[in-house]
Amino acid sequence: DGAFEGCPAFNDNGAKPRWLLERFDDLPVHEVCYYGSRISVESLTQVLESTDLEGGDWEDAFGMTPFHILATCPNLNTNIWECLLKKCPRE
């Protein structure tokens with residue numbers, strides 16, 4: 001329970017529910033960070049430059065920010081962290 005309380009379960013056939021498949025719709029920075037182990041700094045920079053970083057939602061359906069998502073990536077290049085830290089607004 002806990003973190004997944006209230007979330008729809010996987011379908012009986014094992015398919016992912018729509019809300020999970022659409023998790024990053026309208027959250028391009030989150031989506032590119034999800035693939036943090038496989039992206040380049042240039043790819044992240046391109047997404048950051050084409051995204052409104054001052055407005056919008058910084059939490060996805062699980063309440064995770066792009067920084068949380070990067071923290072879950074294995075073999076993450078530290079240059080990706082540095083890029084996100086330099087370009088994203090911080091509280």
Do L48 and V32 have side chains that approach each other closer than 4.5 Å (heavy atoms only, starting at C-beta)?
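L48 vs V32: side chains apart.
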How long is the span from the [atom1] atom in [X] to the [atom2] atom in [Y], to the nearest 0.5 Å?
X	Y	atom1	atom2	result
L70	H30	CG	NE2	10.0 Å
C33	L44	SG	CG	5.5 Å
I80	S40	CD1	OG	6.5 Å
I69	L27	CD1	CG	8.0 Å
N79	I39	CG	CD1	11.0 Å
F67	C88	CZ	SG	4.5 Å

For V47 and T51, which heavy atoms make the closest approach, and how far apart are they?
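Taking V47 first and T51 second, the nearest heavy atoms are O-OG1, 2.6 Å.
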How close do C73 and Y34 get, heavy atom to heavy atom, and via which atoms?
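Closest approach of C73 to Y34: SG-O, 3.9 Å.
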Has E82 got more than 12 heavy atoms of other residues, nucleotides or ligands less than 6.0 Å from its CD?
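Yes, because the 6.0 Å sphere around CD of E82 holds more than 12 heavy atoms from other groups.
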